[in-house]
Amino acid sequence: MRYSKLFGKTIKEAPKDEVAANAKLLLRGGFIDKLMAGSYTLLHLGRRVEQKIEQIIREEMNTTGAQEVLMPLLHPKEIWNETGRWDSAREVMYQFKKNDKEYALSFTHEEIVMDLVRKHISSYKDLPVKIYHFSTKFRDEKRVKSGILRGREFLMKDLYSVHVSEEDMTKYYQEVIEAYKRIFKRMELDAILTQAAGGVFTKGSTHEFQVIVDSGEDEIVYCPGGDFSANAEVSSVKEGKQCDLGHGPLKKAKAIEVGNIFPLGTYYSEKMKALFTDHSGQKKPAWFASYGIGLTRAVGAIVEVHHDDKGIVWPESVAPYSVHLIEIRNPKSEIRNSADEVYARLQKEGIEVLYDDREDISAGEKFADADLIGIPIRLVVSEKTQDKIEWKKRNEQKTQLLSVDAIVKRF
RNA sequence: CGGGGAUUGGCGCAGUGGUAGCGCGCACGGUUCGGGACCGUGAGGCCGGCAGUUCAAAUCUGCCAUCCCCGACCA
(Lines give C-alpha, C1' and ligand atoms only; values in the text may rest on other atoms or scores of the structure.)
Protein backbone atom coordinates (compact mmCIF):
# COMPACT_ATOMS: atom_id res chain seq x y z
CA MET A 1 0.00 0.00 0.00
CA ARG A 2 1.34 3.38 -0.98
CA TYR A 3 0.94 5.74 1.93
CA SER A 4 0.14 8.57 -0.46
CA LYS A 5 -2.96 6.66 -1.52
CA LEU A 6 -4.00 5.46 1.94
CA PHE A 7 -7.30 6.83 3.19
CA GLY A 8 -6.86 8.21 6.68
CA LYS A 9 -3.76 10.18 7.58
CA THR A 10 -1.84 10.57 10.79
CA ILE A 11 -2.48 13.63 12.89
CA LYS A 12 -0.02 15.35 15.14
CA GLU A 13 -2.21 16.06 18.10
CA ALA A 14 -4.91 13.85 19.53
CA PRO A 15 -8.29 15.38 20.37
CA LYS A 16 -7.66 16.96 23.72
CA ASP A 17 -10.35 15.22 25.73
CA GLU A 18 -9.19 11.72 24.88
CA VAL A 19 -7.30 10.19 27.78
CA ALA A 20 -7.03 6.50 26.94
CA ALA A 21 -3.79 5.54 25.17
CA ASN A 22 -5.66 3.35 22.70
CA ALA A 23 -7.98 6.20 21.74
CA LYS A 24 -5.20 8.74 21.32
CA LEU A 25 -2.83 6.52 19.36
CA LEU A 26 -5.41 4.80 17.17
CA LEU A 27 -7.00 8.16 16.34
CA ARG A 28 -3.65 9.84 15.68
CA GLY A 29 -2.34 6.96 13.63
CA GLY A 30 -5.34 6.86 11.33
CA PHE A 31 -6.57 3.45 12.52
CA ILE A 32 -10.02 4.52 13.67
CA ASP A 33 -12.49 7.38 13.44
CA LYS A 34 -15.12 8.22 16.02
CA LEU A 35 -18.67 8.68 14.78
CA MET A 36 -20.10 9.22 18.26
CA ALA A 37 -19.25 8.09 21.75
CA GLY A 38 -18.92 4.32 21.59
CA SER A 39 -19.23 4.00 17.80
CA TYR A 40 -16.10 3.84 15.70
CA THR A 41 -15.14 3.29 12.10
CA LEU A 42 -12.21 0.97 11.63
CA LEU A 43 -10.22 2.74 8.95
CA HIS A 44 -8.07 0.63 6.65
CA LEU A 45 -5.13 0.25 9.05
CA GLY A 46 -7.42 -0.58 11.95
CA ARG A 47 -9.40 -3.02 9.88
CA ARG A 48 -6.22 -4.83 8.86
CA VAL A 49 -5.21 -5.25 12.51
CA GLU A 50 -8.68 -6.51 13.35
CA GLN A 51 -8.51 -8.95 10.43
CA LYS A 52 -5.16 -10.30 11.64
CA ILE A 53 -6.70 -10.94 15.04
CA GLU A 54 -9.75 -12.47 13.41
CA GLN A 55 -7.59 -14.89 11.43
CA ILE A 56 -5.67 -16.00 14.52
CA ILE A 57 -8.94 -16.70 16.29
CA ARG A 58 -10.39 -18.43 13.23
CA GLU A 59 -7.42 -20.79 13.03
CA GLU A 60 -7.59 -21.69 16.70
CA MET A 61 -11.37 -22.11 16.66
CA ASN A 62 -11.09 -24.43 13.68
CA THR A 63 -8.44 -26.41 15.56
CA THR A 64 -11.04 -27.21 18.23
CA GLY A 65 -13.37 -28.52 15.53
CA ALA A 66 -15.65 -25.52 15.53
CA GLN A 67 -17.35 -24.35 12.32
CA GLU A 68 -17.72 -20.76 11.21
CA VAL A 69 -21.19 -19.42 10.47
CA LEU A 70 -22.79 -15.98 10.34
CA MET A 71 -25.92 -15.25 12.31
CA PRO A 72 -28.28 -12.28 11.87
CA LEU A 73 -28.14 -9.11 13.95
CA LEU A 74 -31.81 -8.24 13.68
CA HIS A 75 -33.87 -10.41 16.01
CA PRO A 76 -37.60 -10.72 16.63
CA LYS A 77 -38.94 -10.06 20.11
CA GLU A 78 -40.51 -13.54 20.27
CA ILE A 79 -37.20 -15.38 20.39
CA TRP A 80 -36.07 -13.28 23.35
CA ASN A 81 -39.34 -13.81 25.15
CA GLU A 82 -38.71 -17.55 25.17
CA THR A 83 -35.98 -17.15 27.78
CA GLY A 84 -37.38 -14.03 29.36
CA ARG A 85 -34.38 -11.98 28.37
CA TRP A 86 -36.49 -9.49 26.37
CA ASP A 87 -37.29 -8.13 29.83
CA SER A 88 -34.35 -9.22 31.97
CA ALA A 89 -31.72 -7.93 29.55
CA ARG A 90 -33.74 -4.89 28.54
CA GLU A 91 -31.11 -2.51 29.85
CA VAL A 92 -28.36 -3.64 27.50
CA MET A 93 -30.55 -4.47 24.51
CA TYR A 94 -31.48 -2.02 21.79
CA GLN A 95 -35.18 -2.70 21.27
CA PHE A 96 -37.49 -0.98 18.85
CA LYS A 97 -40.81 -1.25 17.11
CA LYS A 98 -41.42 -1.00 13.38
CA ASN A 99 -44.76 -1.53 11.66
CA ASP A 100 -46.25 -3.03 14.83
CA LYS A 101 -43.52 -5.65 15.12
CA GLU A 102 -40.85 -5.49 17.80
CA TYR A 103 -37.18 -6.18 17.22
CA ALA A 104 -33.86 -6.13 18.98
CA LEU A 105 -30.36 -5.53 17.70
CA SER A 106 -28.17 -8.42 18.70
CA PHE A 107 -26.18 -8.13 21.90
CA THR A 108 -25.43 -11.88 21.95
CA HIS A 109 -26.69 -15.04 20.22
CA GLU A 110 -27.58 -17.73 22.76
CA GLU A 111 -31.27 -17.70 21.81
CA ILE A 112 -30.48 -17.74 18.11
CA VAL A 113 -28.17 -20.73 18.53
CA MET A 114 -30.79 -22.56 20.57
CA ASP A 115 -33.29 -21.95 17.79
CA LEU A 116 -30.84 -23.32 15.23
CA VAL A 117 -30.10 -26.36 17.35
CA ARG A 118 -33.72 -27.33 17.95
CA LYS A 119 -34.41 -27.09 14.24
CA HIS A 120 -31.34 -28.97 13.05
CA ILE A 121 -30.61 -31.46 15.82
CA SER A 122 -32.62 -34.50 16.74
CA SER A 123 -30.29 -37.27 17.91
CA TYR A 124 -27.28 -37.65 20.17
CA LYS A 125 -25.54 -38.56 16.90
CA ASP A 126 -25.87 -34.94 15.82
CA LEU A 127 -23.95 -33.67 18.82
CA PRO A 128 -21.71 -32.00 19.72
CA VAL A 129 -22.29 -28.81 17.76
CA LYS A 130 -19.59 -26.15 17.85
CA ILE A 131 -20.33 -23.03 15.84
CA TYR A 132 -18.87 -19.55 15.95
CA HIS A 133 -19.08 -16.31 14.10
CA PHE A 134 -17.51 -12.89 13.91
CA SER A 135 -20.03 -10.10 14.04
CA THR A 136 -21.15 -6.85 15.53
CA LYS A 137 -22.65 -6.65 18.99
CA PHE A 138 -24.90 -3.81 20.08
CA ARG A 139 -25.02 -3.09 23.78
CA ASP A 140 -26.55 -0.02 25.35
CA GLU A 141 -23.82 0.62 27.87
CA LYS A 142 -24.69 3.06 30.62
CA ARG A 143 -21.39 4.69 30.03
CA VAL A 144 -18.98 4.18 27.18
CA LYS A 145 -15.35 4.78 27.96
CA SER A 146 -11.70 4.24 27.22
CA GLY A 147 -11.75 4.62 23.45
CA ILE A 148 -12.57 1.33 21.75
CA LEU A 149 -12.34 -0.68 24.96
CA ARG A 150 -16.00 -0.13 25.79
CA GLY A 151 -18.32 0.93 23.00
CA ARG A 152 -21.99 0.47 22.25
CA GLU A 153 -21.23 -1.29 18.98
CA PHE A 154 -18.24 -3.57 18.64
CA LEU A 155 -16.93 -6.66 16.92
CA MET A 156 -16.90 -9.95 18.71
CA LYS A 157 -16.15 -13.58 18.02
CA ASP A 158 -18.68 -15.74 19.75
CA LEU A 159 -18.50 -19.50 19.90
CA TYR A 160 -21.35 -21.74 21.08
CA SER A 161 -21.06 -25.40 21.90
CA VAL A 162 -23.87 -27.88 22.44
CA HIS A 163 -23.31 -31.30 24.02
CA VAL A 164 -25.02 -34.50 25.12
CA SER A 165 -23.69 -34.30 28.67
CA GLU A 166 -22.08 -32.10 31.25
CA GLU A 167 -18.90 -34.18 30.98
CA ASP A 168 -18.69 -33.60 27.26
CA MET A 169 -19.35 -29.89 27.70
CA THR A 170 -16.70 -29.61 30.39
CA LYS A 171 -14.19 -31.44 28.26
CA TYR A 172 -14.72 -29.06 25.36
CA TYR A 173 -14.76 -26.12 27.75
CA GLN A 174 -11.23 -27.07 28.75
CA GLU A 175 -10.23 -27.34 25.09
CA VAL A 176 -11.50 -23.84 24.48
CA ILE A 177 -9.55 -22.56 27.48
CA GLU A 178 -6.41 -23.95 25.87
CA ALA A 179 -7.36 -22.47 22.49
CA TYR A 180 -7.92 -19.09 24.11
CA LYS A 181 -4.53 -19.26 25.79
CA ARG A 182 -2.93 -19.89 22.39
CA ILE A 183 -4.93 -17.05 20.82
CA PHE A 184 -3.90 -14.46 23.38
CA LYS A 185 -0.32 -15.63 23.35
CA ARG A 186 -0.20 -15.29 19.57
CA MET A 187 -1.43 -11.70 19.77
CA GLU A 188 1.00 -11.05 22.61
CA LEU A 189 -1.58 -10.38 25.26
CA ASP A 190 -0.67 -11.82 28.65
CA ALA A 191 -4.19 -12.93 29.54
CA ILE A 192 -4.89 -14.48 32.93
CA LEU A 193 -7.69 -17.02 33.33
CA THR A 194 -9.93 -15.50 35.98
CA GLN A 195 -13.01 -16.60 37.90
CA ALA A 196 -15.98 -14.32 37.39
CA ALA A 197 -19.73 -13.81 37.52
CA GLY A 198 -22.07 -14.39 34.62
CA GLY A 199 -24.07 -11.17 34.38
CA VAL A 200 -27.15 -11.48 32.19
CA PHE A 201 -25.84 -14.76 30.78
CA THR A 202 -25.89 -17.13 33.73
CA LYS A 203 -26.23 -17.25 37.48
CA GLY A 204 -23.40 -19.74 37.62
CA SER A 205 -19.74 -18.87 37.76
CA THR A 206 -17.76 -18.27 34.60
CA HIS A 207 -14.24 -17.49 33.48
CA GLU A 208 -12.74 -14.40 31.98
CA PHE A 209 -9.40 -13.77 30.36
CA GLN A 210 -7.94 -10.64 31.91
CA VAL A 211 -4.97 -8.58 30.78
CA ILE A 212 -3.35 -6.60 33.56
CA VAL A 213 -3.03 -2.94 32.59
CA ASP A 214 -3.54 0.22 34.62
CA SER A 215 -6.16 1.57 32.25
CA GLY A 216 -8.30 -1.54 32.72
CA GLU A 217 -11.77 -1.12 34.17
CA ASP A 218 -11.96 -4.45 35.99
CA GLU A 219 -10.12 -5.33 39.14
CA ILE A 220 -8.74 -8.79 39.68
CA VAL A 221 -7.20 -10.53 42.65
CA TYR A 222 -4.52 -12.95 41.53
CA CYS A 223 -1.44 -14.93 42.39
CA PRO A 224 1.66 -13.84 40.49
CA GLY A 225 2.56 -17.54 40.24
CA GLY A 226 -0.54 -18.18 38.16
CA ASP A 227 -2.34 -20.62 40.44
CA PHE A 228 -5.28 -18.33 41.19
CA SER A 229 -7.11 -15.33 39.76
CA ALA A 230 -10.58 -13.96 40.37
CA ASN A 231 -12.50 -10.87 39.40
CA ALA A 232 -12.72 -8.64 42.47
CA GLU A 233 -16.53 -8.58 42.04
CA VAL A 234 -16.79 -12.27 42.99
CA SER A 235 -13.67 -12.74 45.04
CA SER A 236 -14.11 -13.31 48.72
CA VAL A 237 -10.38 -13.83 48.98
CA LYS A 238 -8.50 -10.95 50.50
CA GLU A 239 -5.52 -9.29 48.98
CA GLY A 240 -2.36 -10.19 50.90
CA LYS A 241 -3.34 -13.80 51.61
CA GLN A 242 -0.61 -16.28 50.73
CA CYS A 243 -0.87 -18.16 47.47
CA ASP A 244 -0.90 -21.94 47.39
CA LEU A 245 2.26 -22.42 45.41
CA GLY A 246 4.44 -20.24 47.59
CA HIS A 247 4.62 -17.30 45.22
CA GLY A 248 3.94 -14.78 47.92
CA PRO A 249 0.76 -12.84 48.68
CA LEU A 250 -2.25 -12.34 46.43
CA LYS A 251 -2.15 -9.12 44.48
CA LYS A 252 -4.83 -6.80 43.24
CA ALA A 253 -4.59 -5.17 39.81
CA LYS A 254 -6.57 -3.31 37.18
CA ALA A 255 -7.28 -5.42 34.13
CA ILE A 256 -9.11 -5.52 30.80
CA GLU A 257 -11.38 -8.43 30.07
CA VAL A 258 -10.51 -9.63 26.57
CA GLY A 259 -12.39 -12.90 26.57
CA ASN A 260 -14.99 -14.82 28.53
CA ILE A 261 -16.33 -18.33 28.66
CA PHE A 262 -19.68 -19.34 30.11
CA PRO A 263 -20.71 -22.91 30.99
CA LEU A 264 -24.43 -22.34 30.67
CA GLY A 265 -25.70 -25.87 31.33
CA THR A 266 -29.21 -26.79 30.28
CA TYR A 267 -30.96 -23.58 31.30
CA TYR A 268 -31.35 -22.26 27.75
CA SER A 269 -32.06 -25.62 26.14
CA GLU A 270 -34.82 -26.36 28.63
CA LYS A 271 -36.46 -22.98 28.13
CA MET A 272 -36.23 -23.24 24.37
CA LYS A 273 -36.82 -26.97 23.97
CA ALA A 274 -33.47 -27.64 22.37
CA LEU A 275 -33.73 -31.38 22.95
CA PHE A 276 -32.09 -34.44 21.53
CA THR A 277 -32.92 -38.15 21.68
CA ASP A 278 -30.38 -40.18 23.64
CA HIS A 279 -29.36 -43.85 23.26
CA SER A 280 -32.38 -45.04 25.17
CA GLY A 281 -34.81 -43.02 23.10
CA GLN A 282 -35.42 -40.37 25.74
CA LYS A 283 -35.64 -36.66 25.01
CA LYS A 284 -33.02 -34.65 26.89
CA PRO A 285 -32.03 -31.02 27.02
CA ALA A 286 -28.63 -30.28 25.50
CA TRP A 287 -25.72 -28.93 27.50
CA PHE A 288 -24.70 -25.53 26.34
CA ALA A 289 -21.76 -23.16 26.68
CA SER A 290 -20.74 -19.88 25.06
CA TYR A 291 -17.38 -18.26 24.61
CA GLY A 292 -16.58 -14.69 23.51
CA ILE A 293 -13.60 -12.64 22.48
CA GLY A 294 -13.99 -8.92 21.84
CA LEU A 295 -12.15 -8.18 18.60
CA THR A 296 -12.22 -4.42 18.71
CA ARG A 297 -11.46 -4.55 22.40
CA ALA A 298 -8.47 -6.78 21.66
CA VAL A 299 -7.16 -4.15 19.24
CA GLY A 300 -7.43 -1.56 22.00
CA ALA A 301 -5.95 -3.81 24.64
CA ILE A 302 -2.93 -4.56 22.46
CA VAL A 303 -2.33 -0.84 22.04
CA GLU A 304 -2.68 -0.29 25.79
CA VAL A 305 0.04 -2.87 26.39
CA HIS A 306 2.25 -2.33 23.36
CA HIS A 307 3.09 1.34 22.97
CA ASP A 308 5.73 3.89 23.94
CA ASP A 309 5.91 7.67 23.96
CA LYS A 310 6.27 7.77 20.16
CA GLY A 311 3.41 5.54 19.23
CA ILE A 312 2.18 2.00 18.86
CA VAL A 313 4.53 -1.01 18.82
CA TRP A 314 2.47 -3.72 17.13
CA PRO A 315 3.29 -7.37 17.71
CA GLU A 316 4.29 -8.92 14.37
CA SER A 317 1.28 -11.22 14.39
CA VAL A 318 -1.29 -8.40 14.30
CA ALA A 319 0.58 -5.53 12.65
CA PRO A 320 -1.37 -3.98 9.77
CA TYR A 321 1.66 -4.49 7.50
CA SER A 322 4.91 -6.38 8.04
CA VAL A 323 7.24 -3.61 6.92
CA HIS A 324 7.10 0.15 6.65
CA LEU A 325 9.21 1.25 3.70
CA ILE A 326 10.36 4.85 3.67
CA GLU A 327 11.90 6.70 0.79
CA ILE A 328 14.04 9.71 1.56
CA ARG A 329 14.91 11.65 -1.54
CA ASN A 330 17.76 13.98 -2.11
CA PRO A 331 17.09 15.62 -5.45
CA LYS A 332 20.67 16.80 -5.76
CA SER A 333 22.18 13.39 -5.22
CA GLU A 334 23.61 11.44 -8.15
CA ILE A 335 22.71 8.20 -6.45
CA ARG A 336 19.22 7.13 -7.22
CA ASN A 337 18.41 3.76 -5.79
CA SER A 338 14.78 3.18 -6.28
CA ALA A 339 12.39 2.66 -3.41
CA ASP A 340 9.78 1.90 -6.06
CA GLU A 341 11.82 -1.12 -7.11
CA VAL A 342 12.23 -2.28 -3.53
CA TYR A 343 8.50 -1.92 -3.03
CA ALA A 344 7.75 -3.92 -6.16
CA ARG A 345 10.19 -6.66 -5.14
CA LEU A 346 8.81 -7.00 -1.61
CA GLN A 347 5.29 -7.16 -2.94
CA LYS A 348 6.29 -9.79 -5.47
CA GLU A 349 7.66 -11.85 -2.58
CA GLY A 350 4.32 -11.62 -0.83
CA ILE A 351 5.53 -9.34 1.94
CA GLU A 352 2.93 -6.91 3.24
CA VAL A 353 4.43 -3.47 2.93
CA LEU A 354 3.28 0.04 3.66
CA TYR A 355 5.34 2.27 1.39
CA ASP A 356 5.72 5.92 2.39
CA ASP A 357 6.22 7.29 -1.10
CA ARG A 358 5.18 10.85 -0.27
CA GLU A 359 7.19 13.56 -1.93
CA ASP A 360 8.11 16.82 -0.24
CA ILE A 361 7.71 15.28 3.19
CA SER A 362 10.73 15.57 5.46
CA ALA A 363 12.59 12.54 6.73
CA GLY A 364 11.73 13.48 10.28
CA GLU A 365 8.05 13.49 9.56
CA LYS A 366 8.19 10.12 7.86
CA PHE A 367 10.11 8.65 10.78
CA ALA A 368 7.67 10.11 13.27
CA ASP A 369 4.73 8.68 11.34
CA ALA A 370 6.41 5.29 11.13
CA ASP A 371 6.93 5.27 14.89
CA LEU A 372 3.33 6.33 15.47
CA ILE A 373 1.85 3.69 13.15
CA GLY A 374 4.06 1.10 14.78
CA ILE A 375 4.77 -1.46 12.07
CA PRO A 376 7.46 -3.85 13.44
CA ILE A 377 10.08 -3.37 10.70
CA ARG A 378 11.14 -0.06 9.17
CA LEU A 379 13.07 -0.02 5.92
CA VAL A 380 14.71 3.14 4.59
CA VAL A 381 15.96 3.77 1.09
CA SER A 382 18.01 6.95 0.77
CA GLU A 383 21.24 8.45 -0.50
CA LYS A 384 22.93 7.25 2.68
CA THR A 385 22.00 3.63 2.18
CA GLN A 386 23.66 3.48 -1.26
CA ASP A 387 22.55 0.26 -2.95
CA LYS A 388 21.51 -1.23 0.37
CA ILE A 389 18.43 -0.75 2.55
CA GLU A 390 18.37 0.24 6.18
CA TRP A 391 16.58 -2.24 8.46
CA LYS A 392 15.31 -1.21 11.88
CA LYS A 393 12.91 -2.81 14.30
CA ARG A 394 10.28 -0.57 15.88
CA ASN A 395 11.28 -1.66 19.38
CA GLU A 396 15.05 -1.45 18.88
CA GLN A 397 17.44 1.40 18.24
CA LYS A 398 20.06 -0.36 16.13
CA THR A 399 19.96 -0.32 12.35
CA GLN A 400 21.54 -2.58 9.76
CA LEU A 401 22.27 -2.12 6.08
CA LEU A 402 21.05 -5.07 4.06
CA SER A 403 20.55 -6.00 0.45
CA VAL A 404 17.05 -6.56 -0.88
CA ASP A 405 17.80 -10.27 -1.15
CA ALA A 406 18.93 -10.44 2.47
CA ILE A 407 15.74 -8.70 3.54
CA VAL A 408 13.51 -11.01 1.53
CA LYS A 409 15.22 -14.00 3.16
CA ARG A 410 14.22 -12.73 6.59
CA PHE A 411 10.53 -13.30 5.89
C1' C B 1 -28.56 7.84 36.12
C1' G B 2 -25.50 11.19 39.98
C1' G B 3 -20.92 14.32 40.19
C1' G B 4 -16.90 17.05 37.64
C1' G B 5 -14.69 19.20 33.19
C1' A B 6 -15.20 20.78 28.19
C1' U B 7 -17.48 22.82 23.37
C1' U B 8 -14.32 29.15 18.93
C1' G B 9 -11.82 26.70 11.07
C1' G B 10 -9.89 19.56 10.07
C1' C B 11 -6.63 19.34 15.09
C1' G B 12 -4.50 22.24 19.26
C1' C B 13 -5.48 26.99 21.42
C1' A B 14 -6.15 32.71 22.46
C1' G B 15 -9.94 36.06 22.82
C1' U B 16 -14.58 39.23 30.06
C1' G B 17 -19.80 43.43 25.99
C1' G B 18 -18.16 46.90 20.24
C1' U B 19 -19.07 42.34 15.03
C1' A B 20 -12.91 36.77 15.61
C1' G B 21 -7.19 35.69 15.85
C1' C B 22 -2.64 32.38 16.35
C1' G B 23 0.01 27.57 15.59
C1' C B 24 -0.37 22.98 13.00
C1' G B 25 -2.75 21.02 8.81
C1' C B 26 -4.65 22.26 3.68
C1' A B 27 -3.86 24.87 -1.59
C1' C B 28 -0.32 27.52 -4.81
C1' G B 29 4.92 29.32 -5.74
C1' G B 30 10.01 29.07 -4.19
C1' U B 31 14.20 27.36 -1.04
C1' U B 32 15.52 22.88 1.75
C1' C B 33 16.33 17.37 2.05
C1' G B 34 18.13 11.35 7.68
C1' G B 35 14.14 12.73 13.31
C1' G B 36 7.72 16.38 12.94
C1' A B 37 12.51 22.36 7.85
C1' C B 38 11.82 27.57 5.94
C1' C B 39 9.90 32.01 3.12
C1' G B 40 5.79 34.13 0.53
C1' U B 41 0.64 34.01 -1.04
C1' G B 42 -4.22 32.01 -0.23
C1' A B 43 -8.71 29.24 1.13
C1' G B 44 -11.36 27.89 5.37
C1' G B 45 -15.41 29.79 11.25
C1' C B 46 -23.57 32.46 11.12
C1' C B 47 -17.80 31.08 18.00
C1' G B 48 -22.48 23.51 19.79
C1' G B 49 -28.15 24.81 19.58
C1' C B 50 -32.50 27.63 21.12
C1' A B 51 -34.38 31.54 23.94
C1' G B 52 -33.39 35.97 26.79
C1' U B 53 -30.72 40.72 28.66
C1' U B 54 -28.50 44.89 25.74
C1' C B 55 -28.07 50.18 21.10
C1' A B 56 -24.52 46.01 20.63
C1' A B 57 -23.25 39.02 22.81
C1' A B 58 -17.94 34.18 21.35
C1' U B 59 -18.14 37.12 25.96
C1' C B 60 -23.85 38.07 30.53
C1' U B 61 -28.56 34.77 32.00
C1' G B 62 -31.62 30.35 31.31
C1' C B 63 -32.72 25.77 29.00
C1' C B 64 -31.01 21.93 25.82
C1' A B 65 -27.37 18.96 23.09
C1' U B 66 -22.70 16.65 22.48
C1' C B 67 -17.84 14.87 24.15
C1' C B 68 -14.29 13.40 28.09
C1' C B 69 -13.37 11.84 33.21
C1' C B 70 -15.08 9.74 38.19
C1' G B 71 -18.99 6.81 40.29
C1' A B 72 -23.25 3.34 39.94
C1' C B 73 -24.00 -0.65 36.31
C1' C B 74 -22.30 -4.00 32.91
C1' A B 75 -19.22 -8.79 28.60
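All values reported here derive from a predicted model rather than from experimental measurement. Here is the naming used below: chain letters follow the sequence lines, and residue numbers restart at 1 for every chain. Atom set for the values below is all heavy atoms of this structure, side chains included, hydrogens, waters and symmetry mates excluded.
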Proximity of Phe209(A) and Tyr180(A) rings by center, below 6.0 Å
yes
Rounded to whole Å, the CD1-C1' distance (Ile361(A) to rG35(B)) equals 14 Å
Glu383(A) atom CD is separated from rC33(B) atom C1', nearest whole Å, by 9 Å
Original post:
Does the rG36(B) base have a donor-acceptor partner in the side chain of Arg358(A) within less than 3.5 Å?
Top reply: no
Between CZ of Arg378(A) and P of rG34(B) the distance, given in whole Å, is 13 Å
- For Glu217(A), does the CD atom sit with more than 12 other heavy atoms under 6.0 Å from it, leaving out its own atoms? yes
Per atom distances to the Arg143(A) side chain, the nearest of rA37(B), rC69(B), rU32(B) is rC69(B)
Separation of rG36(B) atom P from Ile373(A) atom CD1, nearest Å, is 17 Å
- For the ring pair Phe31(A) and Trp314(A), is the centre-to-centre distance below 6.0 Å? yes
Give me the distance, rounded to whole Å, that separates rG40(B) from rU32(B) when you measure between the C1' atoms they each carry. 15 Å
Scoring nucleotides 6-11 of chain B by protein non-hydrogen atoms under 4.0 Å (B base, S sugar-phosphate only, - none) yields SS---S
Can you tell me how far C1' in rC22(B) sits from the matching atom in rG44(B), rounded to whole Å?
-> 15 Å
Cut-off 3.5 Å, side chains only: do Gln55(A) and Gln51(A) have a donor facing an acceptor? no
As its Watson-Crick or G-U partner within any shown strand, both distances under 3.5 Å, rU19(B) has none
- Message: Check this for me: does the side-chain of Arg150(A) come within 3.5 Å of the base of rC74(B) through a donor and an acceptor?
- Response: yes
Worksheet item: Is a donor-acceptor pair below 3.5 Å formed from side chain Arg28(A) to base rG12(B), judging by atom type as modelled?
Response: no
Looking just at side-chain N and O atoms, do Thr64(A) and Glu175(A) make a donor-acceptor pair shorter than 3.5 Å?
no
Against the side chain of Lys12(A), the closest entry in rG71(B), rC24(B), rA75(B) is rC24(B)
For atom CD of Gln67(A), decide whether the heavy atoms of other residues, nucleotides or ligands shown that lie under 6.0 angstrom number more than 12. no
rA56(B) and rU16(B), which share atom name C1', separated by this distance in whole Å: 15 Å
Taking the P atom in each of rU59(B) and rG48(B), what is the distance between them to the nearest angstrom? 8 Å
Closest to the side chain of Glu257(A), out of rA75(B), rC70(B), rG36(B), is rA75(B)
Taking a pair to mean Watson-Crick or G-U wobble geometry with both distances below 3.5 Å, rC33(B) pairs with none
Of rC69(B), rG36(B), rG34(B), the nucleotide closest to the side chain of Ser362(A) is rG36(B)
Glu365(A) atom CD is separated from rG25(B) atom C1', nearest whole Å, by 10 Å
I'd like to know if the side chain of Asn260(A) pairs up with that of His207(A) as donor and acceptor (distance under 3.5 Å, no hydrogens or angles considered).
no
| Gln210(A) and Thr194(A): side chain donor to acceptor below 3.5 Å | no
_Within the 3.5 Å criterion, strictly below it, is a donor on Asn231(A) or Glu208(A) matched to an acceptor on the partner's side chain?_
yes
Need one value for Ser146(A): base, sugar-phosphate or nothing, where a base atom within 4.0 Å counts as base even if backbone is also close, heavy atoms only. sugar-phosphate
As its Watson-Crick or G-U partner within any shown strand, both distances under 3.5 Å, rG25(B) has none
Mind checking the C1' distance from rU8(B) to rA20(B)? Whole angstroms is fine.
8 Å
Answer yes or no as to whether rA75(B) has its base stacked against Phe107(A), where stacking requires a ring-centre separation under 5.5 angstrom and planes under 30 degrees apart.
no
If pairing means Watson-Crick or G-U wobble with both distances under 3.5 Å, then the partner of rC50(B) is rG62(B)
Roughly how many Å apart are rA27(B) and rG10(B), using the C1' atom of each and rounding to a whole number?
14 Å
**Message:** Classify Gly151(A) by what it touches in the nucleic acid, base, sugar-phosphate, or nothing, heavy-atom distance under 4.0 Å.
**Reply:** base
Comparing Glu91(A) with Asp369(A), nearest RNA chain B nucleotide closer to 5' gives the residue Asp369(A)
Using a cut-off of 4.0 Å on non-hydrogen atoms, how would the nucleic acid contact of Phe209(A) be classed: base, sugar-phosphate, or nothing?
-> nothing
inquiry  = What's the gap between rA58(B) and rC24(B) when it is taken at their P atoms, as a whole Å value?
reply    = 27 Å
Query - Any N/O donor-acceptor pair, Glu390(A) side-chain to rG34(B) base, under 3.5 Å - result: yes
- Message: Is the distance from the ring center of Phe107(A) to that of Trp80(A) below 6.0 Å?
- Response: yes
Distance between the P atoms of rG2(B) and rA72(B), in whole angstroms? 16 Å
Closest to the side chain of Lys310(A), out of rG35(B), rC74(B), rC68(B), is rG35(B)
From the candidates rG35(B), rC68(B), rG34(B), the one with an atom nearest any side-chain atom of Thr385(A) is rG34(B)
Here the distance between atom C1' of rG35(B) and atom CG of Leu372(A), to the nearest Å, is 14 Å
Ranking rG71(B), rC74(B), rA75(B) by distance to the side chain of Arg297(A), first place goes to rA75(B)
Glu359(A) atom CD is separated from rG30(B) atom P, nearest whole Å, by 14 Å
Hey, does Ala363(A) reach any base, or is it just sugar-phosphate, or nothing, if we go heavy atoms under 4.0 Å?
sugar-phosphate
Atom CG of Asp140(A) and atom C1' of rA75(B) are separated, to the nearest Å, by 14 Å
**Study point:** Ring centers of His75(A), Tyr103(A) separated by less than 6.0 Å
**Key:** no
For rG71(B), the nucleotide meeting Watson-Crick or G-U wobble distances (both under 3.5 Å) is rC1(B)
The answer to which of Thr206(A) and Met36(A) contacts RNA chain B further toward the 5' end, by nearest nucleotide, is Met36(A)
- Query: Has Lys34(A) got a side-chain N or O lying under 4.0 Å from the OP1 or OP2 atom of rC68(B)?
  - Reply: yes
